[in-house]
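Written out below as structure tokens is the structure these notes cover.
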Amino acid sequence: MSTTSMIERMWPSPEIVEDLSELRKNAPLTHVITNIVVTNWTANVLLAIGASPAMVIAEEEVADFAAIASGVLINVGTVTAIDANSMKIAAKAANKAGTPWVLDPVAAGVLRFRTELSKELLDQKPTVIRGNASEILALVGTAGRGKGVDSTVRSFEALPFAKELSEKTGAIVAVSGEVDYVTNGNDTIAVPGGHTLMTKVTGVGCSLGALIASFLGVQKDPLRATVSASAVFAIAGSRAAQKSKGTGSFAVAFLDELSNLSIGS
């Protein structure tokens, strides 16, 4: 069975449909601290699905905003020392306020500064950790064999380490790859990936973390929220790829598919 037909079978499951319906009804305020390469794209992804994005980064504001947001994303992709301080403040404020938050440790294991920052942020109890296989391995202290922001390890190879990380941190761990795996350390759910074109457009992977943060704002079970976000993401990517002629048209089609995704089909 092809990946496309596998993900089509997951949609529309009653749980995913219910979560998407709640998201569109409530337009959760999603606080996004992400890298400069993907800020505009990520905001458009959240708007397309029906969430309300806010890209607040100033250290004077992040604590207040993290406390009132429905969900927070912290993505370390193009982190600077100033950004790192804002991330620490936001994570601490989210943890204190009970705001669910997502850590995306982009390229952890490749460069020391971001790796140490990502590990430090774990102390603030992220609700979800989302990364590729190499990044997940790096967070548990195993050489991740990352190539820049890309993984050289397949997602299923990282699954034992994802379970270990979940048990250590209490977070849901989502490993991205040809098949995404979402685990709480005991239960693991596989979500077939959307399409290889999703790896050819800047910011697509990073925006999944923001989408998860939005779903966390309406679904209190973090395992279910992460699976719902991942499935919605994959079905939109799969359908967009069928209609596109290349990476440019795919990017537009992907946003269209997110915004047009019907509750019933």
Side-chain angles (χ1 to χ4, degrees), residues 32-42 45 55 57 72-91 101-169 171-183 193-194 196-213 226 230 233 247:
V32 178
I33 301 177
T34 192
N35 68 78
I36 60 174
V37 179
V38 307
T39 302
N40 181 68
W41 170 265
T42 301
V45 164
M55 277 53 184
I57 186 64
V72 178
L73 167 68
I74 296 178
N75 174 305
V76 305
T78 55
V79 65
T80 67
I82 294 174
D83 296 335
N85 194 47
S86 291
M87 291 173 182
K88 294 174 189 178
I89 294 170
W101 73 278
V102 179
L103 172 63
D104 193 334
V106 177
V110 179
L111 297 168
R112 187 177 66 180
F113 179 64
R114 68 183 57 240
T115 303
E116 292 178 350
L117 172 62
S118 296
K119 290 182 177 180
E120 185 176 347
L121 288 169
L122 293 178
D123 293 337
Q124 297 303 328
K125 303 186 183 305
T127 311
V128 177
I129 302 165
R130 189 217 78 87
N132 64 36
S134 291
E135 293 157 357
I136 298 304
L137 265 62
L139 291 188
V140 294
T142 301
R145 289 178 285 163
K147 184 183 70 174
V149 299
D150 298 321
S151 177
T152 58
V153 183
R154 298 183 69 178
S155 55
F156 74 88
E157 296 178 272
L159 189 52
F161 302 96
K163 292 179 179 179
E164 178 183 346
L165 183 60
S166 179
E167 290 168 356
K168 285 183 176 180
T169 63
I172 300 300
V173 178
V175 189
S176 297
E178 184 176 351
V179 175
D180 291 353
Y181 293 97
V182 182
T183 184
T196 55
L197 277 173
M198 298 173 78
T199 67
K200 304 298 182 182
V201 176
T202 299
V204 171
C206 288
S207 62
L208 175 55
L211 195 66
I212 293 170
T226 305
S230 299
F233 208 71
T247 56

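Only heavy atoms go into these numbers, but all of them, side chains included; no hydrogens, no water, no symmetry mates. Keep in mind that what you see is a predicted model, and the values were worked out from it rather than measured.
Every side chain to side chain contact (heavy atoms under 4.5 Å, CB included) that Ser118 has, sequence neighbours left out, goes to Val76, Pro105, Ala108, Leu139. Ala158 pairs by the side chain to side chain contact (heavy atoms under 4.5 Å, CB included) definition with Ala133, Leu137, Val175, not counting sequence neighbours. In terms of the salt bridge (Lys or Arg N to Asp or Glu O under 4.0 Å) criterion, residue partners of Lys88 (sequence neighbours excluded) are, by chain and number, Glu120. Under the side chain to side chain contact (heavy atoms under 4.5 Å, CB included) criterion, Asn85 pairs with Glu59, Ile89, sequence neighbours left out.
Of the possible donor and acceptor atoms, none in the side chain of Ser166 sits under 3.5 Å from a partner among the backbone N and O of Val173. A distance-only check finds no donor-acceptor pair linking the side chain of Thr183 to the backbone of Lys163 [under 3.5 Å].
A salt bridge between Glu164 and Lys168 is present, with a side-chain N of the basic residue lying under 4.0 Å from a carboxylate O of the acidic one.
A side chain to side chain contact (heavy atoms under 4.5 Å, CB included) with Met87 is found for one member of Leu117, Ile82, Leu103 and no other, namely Leu117. The only option from Val72, Leu73, Asn75 that meets the side chain to side chain contact (heavy atoms under 4.5 Å, CB included) definition with Val32 turns out to be Leu73. For the pairing with Ile172, the side chain to side chain contact (heavy atoms under 4.5 Å, CB included) check across Val102, Val128, Thr127 returns one residue only, Val128.
Pairs of residues two or more places apart, or lying in two chains, never qualify as side chain to side chain donor-acceptor pair (under 3.5 Å) while including a residue from residues 106-115.
Counting heavy atoms from C-beta on, the side chains of Met55 and Asn40 never come closer than 4.5 Å. Under the 4.5 Å side-chain criterion, counting only non-hydrogen atoms from C-beta, Arg130 is not in contact with Thr226.
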Checklist entry - Checking side chain to side chain donor-acceptor pair (under 3.5 Å) for the pair Asp83/Thr80: CA distance, chi angles, key distance, verdict? => result CA-CA 5 Å; Asp83 296 335; Thr80 67; 3.1 Å; yes
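Ile33 contributes atom CD1, which lies 4.5 Å from atom CD1 of Ile57 (distance to the nearest 0.5 angstrom). Atom CZ of Phe161 and atom CD of Glu135 lie 15.5 Å apart (nearest 0.5 Å). Rounded to the nearest 0.5 angstrom, Thr169 OG1 and Leu122 CG are separated by 6.5 Å. Taking CD1 of Ile74 as the reference point, atom CG of Leu121 lies at 5.5 Å (rounded to 0.5 Å).
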In residues 198-212, what donor-acceptor pairs under 3.5 Å come from side-chain atoms, sequence neighbours left out?
unit_1, atom_1, unit_2, atom_2, d
Thr199, OG1, Thr196, O, 2.7
Ser207, OG, Trp41, NE1, 3.4
Ser207, OG, Gly203, O, 3.3
Ser207, OG, Val204, O, 2.7

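The two atoms that bring Ala84 and Val79 nearest to each other are N-CG2, 3.8 Å, heavy atoms only.
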